[in-house]
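Below: the structure, in structure tokens.
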Amino acid sequence: MKPSAEHAAARDAGLPVPRAEPEQPRLLGRSRAYTTTNLPERLRHWHAPRINRWERLWVTAGSLVIEYLRASGTTSAELGVQESRWFAPGTRWRVVHMARDTSFELEVHADVKGQAEAPQLLRTDLLEEATVVSVDAAGTLAALLDALPVGERRLVHAGFDLAGWPGQASSARTLFWHPLAAAPGGFTVLVARSGEPFDLAAYLGRDHAVIEAALGGALAGDSMYDAWLRATLERHLRIEEELVFPAYLAAGGRDAWVTGLLKEHVFLRQYLGELDQPPSRHRFLRLLDGHDEKEERVIYPDVLGHVGARATRVLDAAIAMPVRAATPMSG
Ligand SMILES: [Fe+2]
Ligand SMILES: [Fe+2]
């Protein structure tokens with residue numbers, strides 16, 4: 001298989017090359033043939049193979065255009081008949097155009113080779129490969145954000161207290177803002193510039209990806225990623241519990257769904273507290289994976305359907321939700 005330009009660039013720069021396909025794929029299932037008339041809506045939106053799952057798209061007739069989110073931004077690709085493309089665990093992708101008479105199939109695979117070291121399959125490049133910048137004043141941060149090109153992201157270490165997220169003045173909603181850590185006198189945030197305004201579901205889905213990236217580093221033994229994991233997950237759960245679910249229920253959303261999700265949040269917090277114990281780690285990985293998938297595929301679209309135009313207010317409040325300042329760990 002021909003290495004992509006991205007792989008060549010990573011190799012030339014001496015960076016680890018992300019795996020483009022599973023080493024020992026084991027086919028778990030195959031979709032029906034998708035055409036322009038029966039394409040599921042979720043495939044038109046950003047979605048991703050879950051932890052330990054690879055997807056292979058295979059074009060059986062016609063041609064289609066897909067987009068996928070790489071560490072470097074959004075990339076599009078046109079695939080012709082008999083062409084295929086692998087999507088690694090956690091790679092967000094979507095179908096943007098299908099020519100008439102196009103059909104394709106999706107296969108879901110597990111990587112047999114990777115199963116023993118499952119956590120390593122989590123994609124950490126969202127955080128690991130971000131350009132790191134340090135800023136010492138709010139004005140410098142504002143200038144950096146203003147000049148951030150579409151598709152680019154930065155891991156910002158700021159040496160001042162955060163008075164409020166600096167995107168509040170903008171109604172464009174193209175700045176992804178995911179705080180990772182906060183302490184008196186400084187904070188760390190992952191920022192990225194989107195080419196188009198994003199909605200609440202896209203923000204929360206990207207927040208899942210940030211949490212999964214922090215989890216990958218934490219499981220590899222990096223204490224900074226471990227702290228980021230705890231801070232980003234707690235912030236995300238609070239966004240849902242204090243903003244998203246109340247707005248959803250007030251708009252007539254399903255009580256039983258929220259009750260189920262809240263129960264899972266209790267277990268997520270419990271297992272996270274015992275992440276150093278293998279059984280809890282295993283349960284945490286499985287629960288987080290299923291929980292995030294359910295929210296992205298079923299819950300968030302239903303939230304948008306119920307909350308309607310008010311979702312932008314919830315989105316602004318979600319982005320502005322701070323991470324709690326780090327407290328010294330006991331023990
Ligand atoms: Fe949740
Ligand atoms: Fe969530």
Side-chain angles (χ1 to χ4, degrees), residues 42 45-53 69 89-92 122-124 126-127 173 176-180 189-190 192 194 198-216 218 225 228-251 253-275 280-281 283-307 310-324:
R42 69 174 185 87
H45 299 289
W46 292 116
H47 66 286
R50 310 309 307 175
I51 294 168
N52 295 335
R53 294 284 179 269
L69 275 175
T91 304
R92 267 129 176 101
L122 284 168
R123 294 176 67 82
T124 55
L126 187 64
L127 292 169
R173 296 185 183 87
F176 284 107
W177 173 272
H178 301 274
L180 301 167
V189 61
L190 179 74
S194 165
F198 53 83
D199 63 13
L200 179 65
Y203 179 74
L204 295 174
R206 193 171 166 103
D207 212 38
H208 286 166
V210 172
I211 292 163
E212 286 165 22
L215 174 60
Y225 279 78
W228 288 352
L229 166 66
R230 287 159 205 278
T232 54
L233 181 65
E234 183 56 33
R235 171 181 179 267
H236 181 86
L237 299 181
R238 283 190 354 253
I239 287 173
E240 292 178 346
E241 292 165 2
E242 295 172 20
L243 302 170
V244 178
F245 296 162
Y248 174 61
L249 291 176
R254 298 190 197 203
D255 260 317
W257 283 4
V258 171
T259 305
L261 293 169
L262 290 175
K263 269 190 199 144
E264 292 185 349
H265 284 193
V266 171
F267 283 111
L268 285 172
R269 286 188 173 100
Q270 181 192 327
Y271 299 148
L272 181 67
E274 307 160 352
L275 209 59
S280 293
R281 185 163 61 229
R283 290 190 196 108
F284 180 80
L285 280 166
R286 286 192 57 145
L287 179 58
L288 184 70
D289 185 37
H291 184 84
D292 287 358
E293 179 176 28
K294 183 166 51 189
E295 287 182 342
E296 289 175 33
R297 290 197 181 174
V298 180
I299 309 291
Y300 295 160
D302 202 49
V303 168
L304 291 185
H306 277 83
V307 177
R310 278 164 299 163
T312 53
R313 280 218 302 273
V314 179
L315 172 60
D316 287 344
I319 297 174
M321 176 76 80
V323 280
R324 292 214 169 118

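Every heavy atom of this structure was used, including side-chain atoms; hydrogens, water molecules and symmetry mates were not. Each ligand, and each atom within it, is numbered from 1 in the order the structure gives. Remember, it's a predicted structure, so these values are computed and weren't measured experimentally.
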Show me the pairs that pass salt bridge (charged side-chain N to carboxylate O under 4.0 Å, His left out) and involve residues 253-267, at least two apart or across chains. E264-K294
Looking at H265, pick out the N, O or S atom nearest to the Fe ion (ligand 1) and give its name. NE2
Please work out which of the three classes, parallel, tilted or perpendicular, describes the rings of H178 and F176, given edges at 30° and 60°. parallel
Using a cut-off of 2.8 Å, find all protein N, O or S atoms closer to the Fe ion (ligand 2) than that distance. H208 NE2, H236 NE2, E240 OE2, E295 OE1, Y300 OH
May I ask you to say whether R173 pairs ionically with D316, meaning some side-chain N is under 4.0 Å from a carboxylate O? yes
Within the distance-only criterion (no hydrogens, no angle test), does the side chain of R235 pair as donor or acceptor with the backbone N or O of M321 below 3.5 angstrom? yes
Do the two ring centres, one from Y300 and one from H208, sit under 6.0 Å apart? yes
Give a yes or no answer on whether the side chain of R230 reaches the backbone of L272 with a donor-acceptor pair at less than 3.5 Å. yes
